[in-house]
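In the text below, chain A, chain B and the rest are named by the order of the sequence lines, each starting its count at 1.
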Number of protein chains: 2
Amino acid sequence: MLAGVLRIRDQALQALLWQRARPPHTHRWSLPGGRLGPGETVERSIRRQLAEKVDVRELTHVEQLSVFSAPERVPGKRVVATAFLGLIPCDADPTLPEDTAWHPVETLPATAFDHEEILLTARERLRAKLSYTNIGFALAPPRFTVAELRDIYSAALGYRVSATNLQRVLSRRGALEATGETVSSGPAGGRPPALFRFTSRDLQITDAFAVLRPPT
Amino acid sequence: MLAGVLRIRDQALQALLWQRARPPHTHRWSLPGGRLGPGETVERSIRRQLAEKVDVRELTHVEQLSVFSAPERVPGKRVVATAFLGLIPCDADPTLPEDTAWHPVETLPATAFDHEEILLTARERLRAKLSYTNIGFALAPPRFTVAELRDIYSAALGYRVSATNLQRVLSRRGALEATGETVSSGPAGGRPPALFRFTSRDLQITDAFAVLRPPT
DNA sequence: CAGGGTTTTCGTCTTATAATCGAAAACGTG
DNA sequence: CACGTTTTCGATTATAAGACGAAAACCCTG
């Protein structure tokens, strides 16, 4: 079991990796993970691994990605990995162990085994779900301005999105709501932005993406 | 490893099940499956299991569904299952073993373990993908009329869809093309329908379902 | 404290795609 | 050959997203 844990920081999508101290693939960077224990589901187990091994407890979303089973993905012995996508909000800052660090997915260091492929799969899953779910709640802080949310979406998707459209699309879907609060404007002045929040912290799929609807 | 194999027949979505002869859950119906062999991926393995155990070789689509890992899903011992969605076209008619049969997903018999949950997950996956992919190719025969395709989609989705919209939506996406042939009209007369086919037999995702597009 | 620059916000317009409707085409049957 | 039937296709309507610009609300400078 492995987890591709992603977050947004410094306008970039980052992944959590630890550097291997022992063979095989010494010094290369690995995804955190571990073995399934008795009496737990794989979802509970991967959360436990992340809490115990890299002290990450802020996961706002965890979902299964895929089973990776290429025969020689780990040279020498047969290892089948159940991979997960994990997300933590950009305001969370877990204290990481020495050998662990965040790396931008755009500029990954040398990774062990097929962990780069797993991370790219995780990124694609995240990007797809940003389109048709409210999964942004898992990346954003509890409250945020539209400009901050635009930066989060832009970094995750890899291209600039329009703050206007983002606001309107998410509001229309009922995913976003205004808190009524505003924050003071920045050093350059400008109208003070309003604070928003996601209406739900559970994954919800937009029904508008279902085409071929039942007749009314 | 287990497979929820689905097809359309008699205007209904059917699942392939075999009746258990031995405990636990004797006489209840199970999904086909088996153990991963050395040197094969889980996808190759599940295709091999289906070919060897229930003689099904007509799979037009196979994809991972989910890992099912509830601790007591198999009473007594720990069994983690990687579940798959498999599809076969409605014109295929594999010869099944004695203890194996098709059952409408709407009226499932008593199933073993969590296999009903797995089948419902498979059905939801299929229904979702009918909306935003060309996955209909895996259920339909090589060539078909629009009315036949409407019946296939209606049975899979669980509600009547409009033949007009189905034709236009799939054509607009470039998923459907006319063969130029027509078939003679039925006993009640009527204009002889044209034959269509899917342009691709590989899964393709509609780009139109991606919202928050990059700026032009 | 007035004016200019800045950022946010919101309404309007345009575009894209799907749903609905109805007429015309093309066949069998009596 | 008129009639019912089914398919096909164009026209219209509905819905949602993208683009654009004006107005709002702030800061800073002179």
Side-chain angles (χ1 to χ4, degrees), chain A residues 130-134 136 143-154 157 159-197 205-216, chain B residues 130-134 136 143-154 157 159-197 205-216:
Chain A
L130 283 171
S131 257
Y132 66 93
T133 72
N134 62 342
R143 297 175 310 162
F144 45 83
T145 68
V146 174
E148 287 165 358
L149 192 65
R150 163 177 45 73
D151 291 341
I152 291 172
Y153 272 71
S154 297
L157 290 170
Y159 54 79
R160 302 294 293 175
V161 300
S162 148
T164 297
N165 282 336
L166 183 63
Q167 214 264 47
R168 292 171 62 80
V169 167
L170 292 182
S171 295
R172 156 171 287 282
R173 293 177 177 178
L176 219 57
E177 69 184 3
T179 64
E181 307 158 282
T182 60
V183 67
S184 62
S185 48
R191 176 170 174 169
L195 284 179
F196 289 80
R197 64 168 158 252
I205 297 178
T206 308
D207 56 335
F209 103 107
V211 127
L212 301 171
R213 294 190 188 77
T216 50
Chain B
L130 284 171
S131 258
Y132 65 92
T133 72
N134 62 343
R143 297 175 309 163
F144 46 83
T145 68
V146 173
E148 286 165 359
L149 192 64
R150 165 179 42 77
D151 290 342
I152 290 172
Y153 272 71
S154 297
L157 290 171
Y159 53 80
R160 302 295 291 175
V161 301
S162 147
T164 297
N165 281 338
L166 184 63
Q167 215 263 47
R168 292 171 62 82
V169 167
L170 293 182
S171 296
R172 157 171 285 280
R173 294 178 178 178
L176 220 57
E177 70 185 2
T179 65
E181 307 159 282
T182 60
V183 66
S184 62
S185 47
R191 177 170 173 170
L195 284 178
F196 289 80
R197 64 168 158 250
I205 298 178
T206 306
D207 57 335
F209 102 106
V211 127
L212 302 172
R213 294 190 187 77
T216 52

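When all heavy atoms are compared, the tightest approach of A:Thr206 to A:Thr133 is OG1-N, 4.1 Å.
Among the protein residues, A:Ala194 comes within range of the sugar-phosphate backbone only, with heavy atoms under 4.0 Å from sugar or phosphate atoms but none that close to a base. Across all strands shown, B:Ala147 has heavy atoms under 4.0 Å from sugar-phosphate atoms exclusively, and none from any base. Residue contacts shown for B:Ser162 are absent, as no nucleic acid heavy atom lies under 4.0 Å away.
Rounded to an integer number of Å, the gap from CG of B:Leu212 to P of C:dA16 is 17 Å. We find that CZ of A:Phe196 is positioned 9 Å from C1' of C:dT9, with the value rounded to whole Å. One atom, CZ of A:Arg150, and another, P of C:dT8, lie 7 Å apart when rounded to the nearest Å. If you take CZ of B:Arg173 and C1' of C:dA16, they are 13 Å apart, rounded to a whole angstrom. Rounded to whole Å, the distance from CG on B:Asn165 to P on D:dA11 is 17 Å. If you take OH of A:Tyr132 and P of C:dT17, they are 20 Å apart, rounded to a whole angstrom. In this structure, B:Leu170 atom CG and C:dT17 atom P are separated by 14 Å, rounded to whole Å. Rounded to whole Å, the distance from CZ on A:Arg191 to C1' on D:dA23 is 8 Å.
Both B:Ala188 and B:Thr206 lie near DNA chain C, and the one whose nearest nucleotide falls closer to the 5' end is B:Thr206. For B:Thr145 and A:Val169, each mapped to the nucleotide of DNA chain D holding its nearest heavy atom, the one lying further toward the 5' end belongs to B:Thr145.
When each of D:dT7, C:dA19, D:dA17 is scored by its nearest atom to the side-chain atoms of A:Arg172, the top-ranked nucleotide is D:dA17. Closest to the A:Thr164 side chain, of the nucleotides D:dC20, C:dA19, C:dT20, is D:dC20.
Between C:dT9 and A:Gln167, no contact under 4.0 Å exists linking OP1 or OP2 to a side-chain N or O. Regarding contacts with the backbone of D:dG18, every side-chain N or O of A:Arg168 stays at 4.0 angstrom or more from both OP1 and OP2.
Within the 3.5 Å criterion, the main-chain N or O of B:Arg191 finds no donor-acceptor partner in the side chain of B:Ser185.
You'll find the side chain of B:Phe144 stays beyond 4.5 Å of the side chain of B:Asp151, heavy atoms only.
Of the residues listed (A:Leu149, A:Thr145, A:Val146), the one engaging A:Phe196 in a side chain to side chain contact (heavy atoms under 4.5 Å, CB included) is A:Val146, and it is the only one.
Note: A:Leu157 CG to A:Ile152 CD1 = 11.5 Å, rounded to the nearest 0.5 Å.
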